[in-house]
Amino acid sequence: MTVRIAVTGAAGRMGKILIEAAVAATGAELTVAIVRPGSSLAGADAGELAGVGKQGVAIVTDLADVIDRFDALIDFTSPSATLANAELCAKHGKAMVIGTTGFTDAEKARLLGYQSQIQLCLAANFSTGVNLCFKLLETAARVMAEESDIEIYEAHHRHKVDAPSGTALRMGEVIADTTGRDLNKVAVYGREGQTGARDHDTIGFATVRGGDVVGEHTVMFLADGERVEITHKASSRLAFGNGAVRAAGWLLSQKPGLYDMQDVLSLR
């Protein structure tokens with residue numbers, strides 16, 4: 001079955017990558033590309049915008065106008081835009097792959113309310129390698145957490161607006177869930193001044209922003225006499241785009257509900 005894909009935020013850095021991934025994927029077809037209202041790019045060819053050649057898909061500014069032209073919407077935009085798109089998709093039975101980060105608790109609760117109507121794939125990171133790391137972290141936490149201090153380092157390009165990254169936070173959640181901790185209570189976001197001795201149960205986060213770093217994450221389990229590090233480095237955003245397109249195709253055979261890349265990759 002071929003999945004018809006819509007990409008919103010098509011003019012953005014990640015939007016262009018998603019267009020490229022959808023065009024290249026077997027079993028997928030790019031049928032819709034959306035930009036914000038008032039954009040001068042309306043009417044342009046989506047493939048030419050993304051640098052993959054003319055695709056015969058004209059860029060539009062209103063999702064409602066093209067709601068019948070796609071099966072799954074891939075959304076890596078902003079919380080407010082994603083929520084508006086989710087409401088429309090839920091009304092029309094369209095699946096969504098969501099890579100947007102930075103939701104408040106209330107916004108996320110509203111988004112998850114649509115899982116009874118449509119298939120939602122919500123993930124902090126869509127790369128295959130990162131999702132393998134999530135699985136490895138469960139094992140490492142079970143084996144190493146009792147005797148180790150745990151620190152998470154992440155680095156991204158200068159344009160990233162949220163910190164720590166959604167991926168870093170998800171790594172912390174995986175560790176906290178595995179070890180019976182509440183991340184909201186044990187997370188430490190940066191240190192300065194006379195902080196005192198480290199509390200063993202805390203999970204530390206360090207954030208770097210600069211240059212064109214696509215994404216780097218390292219989790220350190222630091223014990224006396226040894227340490228274990230689990231690291232993922234992304235060299236291209238295509239790693240995320242390919243995963244998102246893969247998720248879109250997978251969703252079509254699923255019932256309405258909430259899924260993530262662990263489900264898509266059969267890692268549970």
Side-chain angles (χ1 to χ4, degrees), residues 1-78 81-101 118-123 125-129 157 159 212 214-215 234-254 259 261 264-265:
M1 178 187 296
T2 297
V3 57
R4 299 177 302 160
I5 289 177
V7 172
T8 190
R13 188 181 298 108
M14 194 62 209
K16 294 175 183 176
I17 290 293
L18 290 167
I19 291 171
E20 181 179 353
V23 168
T26 301
E29 179 186 5
L30 177 74
T31 57
V32 171
I34 307 150
V35 295
R36 67 182 59 187
S39 172
S40 61
L41 293 171
D45 187 90
E48 291 183 334
L49 175 66
V52 293
K54 193 167 185 177
Q55 299 297 314
V57 177
I59 294 172
V60 299
T61 59
D62 192 337
L63 181 64
D65 290 344
V66 291
I67 199 70
D68 294 327
R69 299 185 195 171
F70 66 92
D71 304 308
L73 173 68
I74 304 180
D75 190 329
F76 280 62
T77 57
S78 66
T82 299
L83 285 170
N85 292 336
E87 182 178 4
L88 189 60
C89 284
K91 288 180 180 178
H92 294 272
K94 303 297 181 177
M96 285 189 73
V97 175
I98 301 170
T100 304
T101 59
I118 58 174
Q119 308 98 315
L120 294 175
C121 184
L122 180 64
N125 193 301
F126 282 89
S127 114
T128 300
H157 52 88
H159 301 292
D212 60 355
V214 174
S235 57
S236 169
R237 289 181 181 82
L238 268 175
F240 316 132
N242 291 337
V245 171
R246 179 174 180 173
W250 182 86
L251 280 179
L252 289 193
S253 61
Q254 309 304 312
Y259 306 96
M261 280 301 286
V264 176
L265 299 172

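Counting from 1, the numbers follow the sequence of the chain as shown.
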>> Looking at H157, is its backbone amide N or carbonyl O close enough to the side chain of D212 to form a donor-acceptor pair, meaning the two atoms are under 3.5 Å apart?
In response: no
Here the gap from L18 atom CG to N242 atom CG, rounded to the nearest 0.5 Å, amounts to 9.5 Å
Per side-chain contact (heavy atoms from CB on, under 4.5 Å), V60 is matched among L41, I34, T8 by I34
Before you tell me yes or no, could you show the steps for E20 and V52 under side-chain contact (heavy atoms from CB on, under 4.5 Å), namely the whole-Å CA-CA distance, both residues' side-chain angles and the distance that decides it to 0.1 Å? CA-CA 6 Å; E20 181 179 353; V52 293; 3.7 Å; yes
Output for pair (L73 CG, I5 CD1), nearest 0.5 Å, gives 10.0 Å
* Asked: Passes side-chain contact (heavy atoms from CB on, under 4.5 Å), N125 versus M261? Steps please.
  -> CA-CA 8 Å; N125 193 301; M261 280 301 286; over 6 Å; no
What one should report as the nearest heavy-atom pair of I118 and A90 is CG2-CA, 3.8 Å
Practice prompt. State whether the side chain of E29 and the backbone N or O of G27 hold a donor-acceptor pair below 3.5 Å, judged by distance alone.
Written response: no
Here the gap from I17 atom CD1 to I74 atom CD1, rounded to the nearest 0.5 Å, amounts to 12.5 Å
May I ask you to check whether F240 and F76 place their ring centers less than 6.0 Å from one another?
no
On a heavy-atom basis, the closest approach of A25 and V245 is CB-CG1, 3.6 Å
For D45 and G53, the nearest pair of non-hydrogen atoms, with its separation, is OD2-O, 3.9 Å
All heavy atoms of V3 vs all of A72, minimum pair found to be CG2-CB, 4.2 Å
Considering only heavy atoms from C-beta outward, does the side chain of I19 approach that of Q55 to under 4.5 Å? no
Contacts table for residues 62-71: side-chain donor-acceptor under 3.5 angstrom, sequence neighbours left out:
residue : atom : partner : partner atom : Å
D62     : OD1  : A64     : N            : 2.9
D71     : OD1  : R4      : NE           : 3.4
D71     : OD1  : R4      : NH2          : 3.1
D71     : OD2  : R4      : N            : 2.8
D71     : OD2  : R4      : NE           : 3.3

The side-chain contact (heavy atoms from CB on, under 4.5 Å) partner of R246 among V264, L251, V97 is V264
In short, A46 meets L30 closest at the heavy-atom pair CB-CD2, 4.1 Å
Looking only at heavy atoms, the pair that brings A86 and M96 closest together is CA-SD, 3.3 Å
